[in-house]
There are 4 protein chains.
Amino acid sequence: MVISINETSEVPIYQQIRNQIVLGISDGRLKPGEQLPTVRALAGEIGINSMTVNKAYVLLKQEGYIYTDRRNGAHVRKEFSEAKELSEKSKELLQQIISEAKICGMTQEEFLKICENMYKG
Amino acid sequence: MVISINETSEVPIYQQIRNQIVLGISDGRLKPGEQLPTVRALAGEIGINSMTVNKAYVLLKQEGYIYTDRRNGAHVRKEFSEAKELSEKSKELLQQIISEAKICGMTQEEFLKICENMYKG
Amino acid sequence: MVISINETSEVPIYQQIRNQIVLGISDGRLKPGEQLPTVRALAGEIGINSMTVNKAYVLLKQEGYIYTDRRNGAHVRKEFSEAKELSEKSKELLQQIISEAKICGMTQEEFLKICENMYKG
Amino acid sequence: MVISINETSEVPIYQQIRNQIVLGISDGRLKPGEQLPTVRALAGEIGINSMTVNKAYVLLKQEGYIYTDRRNGAHVRKEFSEAKELSEKSKELLQQIISEAKICGMTQEEFLKICENMYKG
DNA sequence: GTGGTCTAGACCACC
DNA sequence: GTGGTCTAGACCACC
């Protein structure tokens, strides 16, 4: 899986890495248990400092998406909790996005349609 | 409309102000054309620097939610473009939220249900 | 409150800082709401890199002991949740310590006496 | 006695082995003088490098929990010193745990109750 | 070889 | 002035 960084984005690089890996897990490009590139390998590939990649991995680990061990590097978690619950932060963001949708004239149906397409994607 | 700031939040204060005003517009607490408090008044009310409030208003203006004129201060826009299009940033965020929903075992139906409830809210 | 670092300890510096601040909170040397030294000030005082202090503060923030905001720096949390529950990690450590106490011939009463003294301290 | 390793734990594997053996000694599953599996046998059983098991045994020997001789392998120590004294490291850890207990609102009585239960366990 | 820790120094967003 | 992010480079514990 290729990680591509937008250097001009206001989103910190470590967050961009985190986001793309979460996306990869959700759409199946990264399989449960699959090994991620090593911190150094990914840093070299992207052309950034390994501390930045490390920070992304620490974050992913804290969020429960991956686990690391010194022997084998970082791996995608094998079984995810089926909590079926969005984080508080995500709920707030979703509410914010929906308020923007309403203001630009989108009906509920139109918004749900967009979500459906993203869900399938 | 009362603006309440969470000082310990990682969301910048100017962004919190912007978010709450957008929310107020979307749910009708702020009517089209309605006058917003002046920068100084709002800053005094919240107890923060007026530069911060100003930054929020500049952002809201750039995004087309309000307009300002020197005589009458800031007002909610009277007619919003019915673009029916989310910003690139919002689409990215939504995609990110959906990927998290999928990973925590939420079905499409369950996610859409949450959106519906927020839409009505 | 003075933070003193043991450079020869196997405990990472950022962890030592974290530990001493938690200790300070628990024994009242650090009051609720009290301001901690800035990252740079503490780093300069101890004679270490500010990234290391920053790491300690991030950890304390994650654990809910302090909060930070860009205006006023870091502060001790004002109200702690009365969860009355040790973390899993602490429970494991406590079990480990107790097993060592038992092996070196300490009775339950003797061990509880040590805990009492530490609690009062 | 079965040693089970948590590969995703932040606790080093050699430390996990050491901890479980100490636990086994303290609760009587490992008797004084009892023979421990050979380094190779235990490594094979767990599925890890024998250097790691060796490190755990060296540590246990240093701490006085086991003794080794070339002919018969490793054995649990027959008589433990009744020093009735915790190691400096354990005292520090205990102080740290107690400070966390105090902050989360636990009374001395509640904390001692937890210790009692662990002591009996 | 792997991730974890640390340094010295820099720039940035926020206020 | 504050914390947050990032770099280039180093050393260490673990395996």
Side-chain angles (χ1 to χ4, degrees), chain A residues 5 7 9-17 35-44 46-59 61 66-75, chain B residues 5 7-17 43 46-56, chain C residues 5 7 9-17 35-44 46-59 61 66-75, chain D residues 5 7-17 43 46-56:
Chain A
I5 297 303
E7 301 220 356
S9 166
E10 68 195 343
V11 181
I13 295 175
Y14 78 91
Q15 187 74 43
Q16 292 185 45
I17 296 172
Q35 184 168 4
L36 295 173
T38 67
V39 169
R40 283 168 178 73
L42 186 51
I46 303 178
I48 59 169
N49 191 285
S50 53
M51 281 287 284
T52 307
V53 177
N54 185 58
K55 188 163 183 177
Y57 278 21
V58 166
L59 185 55
K61 202 164 97 179
I66 68 172
Y67 62 89
T68 57
D69 79 71
R70 255 171 277 238
R71 291 187 299 167
N72 306 310
H75 289 258
Chain B
I5 297 303
E7 300 220 356
T8 70
S9 166
E10 67 197 345
V11 182
I13 295 175
Y14 80 92
Q15 187 75 42
Q16 292 185 45
I17 297 172
I46 304 178
I48 59 171
N49 195 302
S50 43
M51 284 295 289
T52 307
V53 177
N54 187 59
K55 188 162 182 176
Chain C
I5 297 303
E7 302 221 355
S9 166
E10 68 195 344
V11 182
I13 295 175
Y14 79 92
Q15 187 74 42
Q16 292 185 44
I17 297 173
Q35 185 167 5
L36 295 173
T38 66
V39 169
R40 283 167 177 74
L42 186 52
I46 303 178
I48 59 169
N49 192 285
S50 53
M51 281 288 284
T52 307
V53 177
N54 184 59
K55 189 163 182 175
Y57 278 21
V58 166
L59 185 54
K61 202 164 98 178
I66 68 172
Y67 61 90
T68 58
D69 79 71
R70 255 169 278 238
R71 291 187 298 166
N72 306 311
H75 290 258
Chain D
I5 297 303
E7 300 220 354
T8 70
S9 167
E10 67 197 345
V11 182
I13 294 174
Y14 80 93
Q15 187 75 41
Q16 293 186 45
I17 297 172
I46 304 178
I48 60 172
N49 196 302
S50 44
M51 285 294 290
T52 306
V53 177
N54 187 59
K55 188 161 183 176

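In what follows, every chain begins at residue 1, and chains take the letters A, B, ... in the order their sequences are listed.
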Stepwise, does the side-chain contact (heavy atoms from CB on, under 4.5 Å) test hold for Y14(D) with N54(D)?
-> CA-CA 8 Å; Y14(D) 80 93; N54(D) 187 59; over 6 Å; no
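The interatomic distance linking Q16(A) (CD) with dC6(F) (P) rounds to 8 Å, in whole Å. Separating the CD1 atom of I46(A) from the P atom of dC6(F) is a distance of 11 Å, rounded to the nearest angstrom. When the C1' atom of dT2(F) is taken as reference, atom CD of Q35(C) falls 10 Å away, rounded to whole Å. I17(C) places its CD1 atom 8 Å from the P atom of dC6(E), with the value rounded to the nearest Å. Rounded to whole Å, atom C1' of dG3(F) lies 14 Å from atom CG of L42(C). The nearest whole Å value for the distance from the OH atom in Y57(C) to the P atom in dT2(F) is 11 Å. A straight line from NZ of K61(A) to P of dT2(E) spans 16 Å, rounded to a whole angstrom.
How far CD1 of I13(B) is from CE of M51(B): 13.5 Å, rounded to the nearest 0.5 Å. Atom CG of residue L36(A) and atom CG of residue L42(A) lie 8.5 Å apart, to the nearest 0.5 angstrom. Taking CD1 of I5(D) as the reference point, atom CD1 of I17(D) lies at 4.5 Å (rounded to 0.5 Å). Rounded to the nearest 0.5 angstrom, K61(A) NZ and H75(A) NE2 are separated by 12.5 Å. Note: Q15(A) CD to S9(A) OG = 10.0 Å, rounded to the nearest 0.5 Å.
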Counting primed atoms, P, OP1 and OP2 as sugar-phosphate and everything else as base, the B/S/- map of nucleotides 9-15 of chain F against protein heavy atoms under 4.0 Å is B-B-BSS
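Distance alone, capped at 3.5 Å, is enough to place a donor-acceptor pair between the Q16(A) side chain and the V11(A) backbone. Proximity of a side-chain donor or acceptor of Q35(C) to a complementary backbone N or O of N72(C) within less than 3.5 Å is detected.
Remark: DNA chain E takes part in the stems E:1-14 with F:1-14, each of 3 or more antiparallel Watson-Crick or G-U pairs, criterion distances under 3.5 Å.
Nearest-nucleotide positions on DNA chain F place N72(C) closer to the 5' end than the other of I48(A) and N72(C).
Residues S50(B) and A43(B) approach most closely at CA-CB, 3.6 Å, considering heavy atoms.
Residue contacts for N54(C): at a heavy-atom cut-off of 4.0 Å it reaches a base atom on one of the strands shown.
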